[in-house]
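Okay, so here's the structure we're looking at.
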Amino acid sequence: MANIQFTRGINEETVPDVRLTRSRDGSSGTATFRFEDPQVLSSEYSDEITGMYLVDEEGEISTLEVKGKFRNGQARAVEAILYMRSQEEWDRFMRFMERYAAQNGLGFSSAT
């Protein structure tokens with residue numbers, strides 16, 4: 001089971017758009033997650049956002065780079081950026097994403 005959480009223990013049900021970039025030598029990369037109208041912003045959600053946590057059977061990957069996006073004065077989206085600074089971090093992230101994609105019916109399309 002692979003889940004994304006903004007508060008530990010509470011799974012986010014909204015599936016994000018995820019964009020990946022990677023350095024030419026493969027030594028670093030970023031993953032940008034964009035959640036449109038996520039449940040974390042709904043009125044029923046009372047806990048605060050403490051970060052973004054990617055949780056699976058291997059453990060947890062986390063980032064504190066989480067921002068709200070506003071439209072007409074209302075919080076409508078959440079954007080989070082995960083920085084990967086080594087091949088090992090990239091590989092670990094990709095294993096999480098394979099599990100998350102299979103669980104949520106996501107596909108991959110290359111920009112090139």
Side-chain angles (χ1 to χ4, degrees):
M1 195 98 180
N3 293 297
I4 298 175
Q5 303 173 351
F6 291 106
T7 300
R8 286 190 171 94
I10 302 174
N11 297 335
E12 175 58 54
E13 300 300 322
T14 304
V15 177
D17 177 52
V18 183
R19 303 198 183 254
L20 302 175
T21 60
R22 192 169 187 192
S23 65
R24 289 185 188 265
D25 66 2
S27 65
S28 64
T30 62
T32 303
F33 292 75
R34 185 169 178 91
F35 298 81
E36 291 293 331
D37 295 315
Q39 86 180 37
V40 71
L41 297 178
S42 70
S43 60
E44 297 87 42
Y45 194 90
S46 61
D47 293 329
E48 64 182 50
I49 295 172
T50 58
M52 183 180 72
Y53 309 96
L54 312 178
V55 182
D56 65 9
E57 60 262 19
E58 287 187 56
E60 177 182 285
I61 303 168
S62 64
T63 182
L64 300 178
E65 291 284 329
V66 180
K67 299 175 186 170
K69 299 293 181 176
F70 293 79
R71 276 187 236 122
N72 298 325
Q74 297 287 327
R76 298 304 304 241
V78 172
E79 188 174 277
I81 300 174
L82 176 66
Y83 297 101
M84 295 157 279
R85 293 176 177 86
S86 69
Q87 180 67 45
E88 292 77 24
E89 288 181 4
W90 178 269
D91 292 343
R92 170 66 178 100
F93 170 76
M94 292 306 292
R95 290 192 303 274
F96 171 84
M97 284 308 296
E98 287 170 4
R99 292 178 186 111
Y100 188 80
Q103 181 178 306
N104 291 285
L106 298 176
F108 176 76
S109 59
S110 177
T112 57

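- In the hydrophobic clustering of this structure, Ile49 groups with Val15; members are Ile, Leu, Val, Met, Phe, Trp, Tyr whose side-chain heavy atoms approach within less than 4.5 Å, directly or through other members.
- In this structure the side chain of Arg95 reaches within 4.5 angstrom of the side chain of Arg92, judged on heavy atoms.
- Ser28 contributes atom OG, which lies 9.0 Å from atom CH2 of Trp90 (distance to the nearest 0.5 angstrom).
- A salt bridge does not link Arg19 to Glu79: none of the charged nitrogens lies less than 4.0 Å from a carboxylate oxygen.
- Across all non-hydrogen atoms, the minimal contact from Ala77 to Pro38 is CA-CD, 4.2 Å.
- Under the side-chain contact (heavy atoms from CB on, under 4.5 Å) rule, Phe96 has a single partner from Ile4, Asn3, Leu82, which is Ile4.
- Taking every heavy atom of both residues into account, Ser62 and Tyr53 meet most closely at CB-CD2, 3.5 Å.
- If you chain together hydrophobic residues whose side chains sit under 4.5 Å apart, Val18 and Ile61 fall into the same group.
- Under a cut-off of 6.0 angstrom, the local environment of CD in Glu48 is sparse, with at most 12 non-hydrogen atoms contributed by other residues, nucleotides or ligands.
- If you chain together hydrophobic residues whose side chains sit under 4.5 Å apart, Val78 and Ile10 fall into the same group.
- Contact between Ser27 and Asp25 at its shortest, heavy atoms only, is OG-OD1, 2.7 Å.
- Residues Leu41 and Val66 share a hydrophobic cluster, clusters being chains of Ile/Leu/Val/Met/Phe/Trp/Tyr side chains in contact below 4.5 Å.
- Atom OG of Ser23 and atom CZ of Arg85 lie 12.5 Å apart (nearest 0.5 Å).
- At a threshold of 4.5 Å between side-chain heavy atoms, the hydrophobic network of Ile, Leu, Val, Met, Phe, Trp and Tyr places Tyr100 and Phe6 in one connected group.
- Taking the six-membered ring where the residue is Trp, Phe35 and Phe33 present parallel rings, their angle staying beneath 30° rather than reaching 60°.
- Atom CE of Met97 is separated from atom CG of Asp56 by 11.0 Å, given to the nearest 0.5 angstrom.
- You'll find the side chain of Lys69 stays beyond 4.5 Å of the side chain of Arg76, heavy atoms only.
- Within the model, atoms CG of Asp17 and CZ of Arg34 stand 9.0 Å from one another, a figure rounded to the nearest 0.5 Å.
- Rounding to the nearest 0.5 angstrom, the gap separating the OG1 atom in Thr7 from the CE atom in Met52 is 13.0 Å.
- Across all non-hydrogen atoms, the minimal contact from Met84 to Ala31 is CE-N, 3.6 Å.
- Here the straight-line distance linking atom CZ of Phe93 with atom CG of Leu54 works out to 7.0 Å at 0.5 Å rounding.
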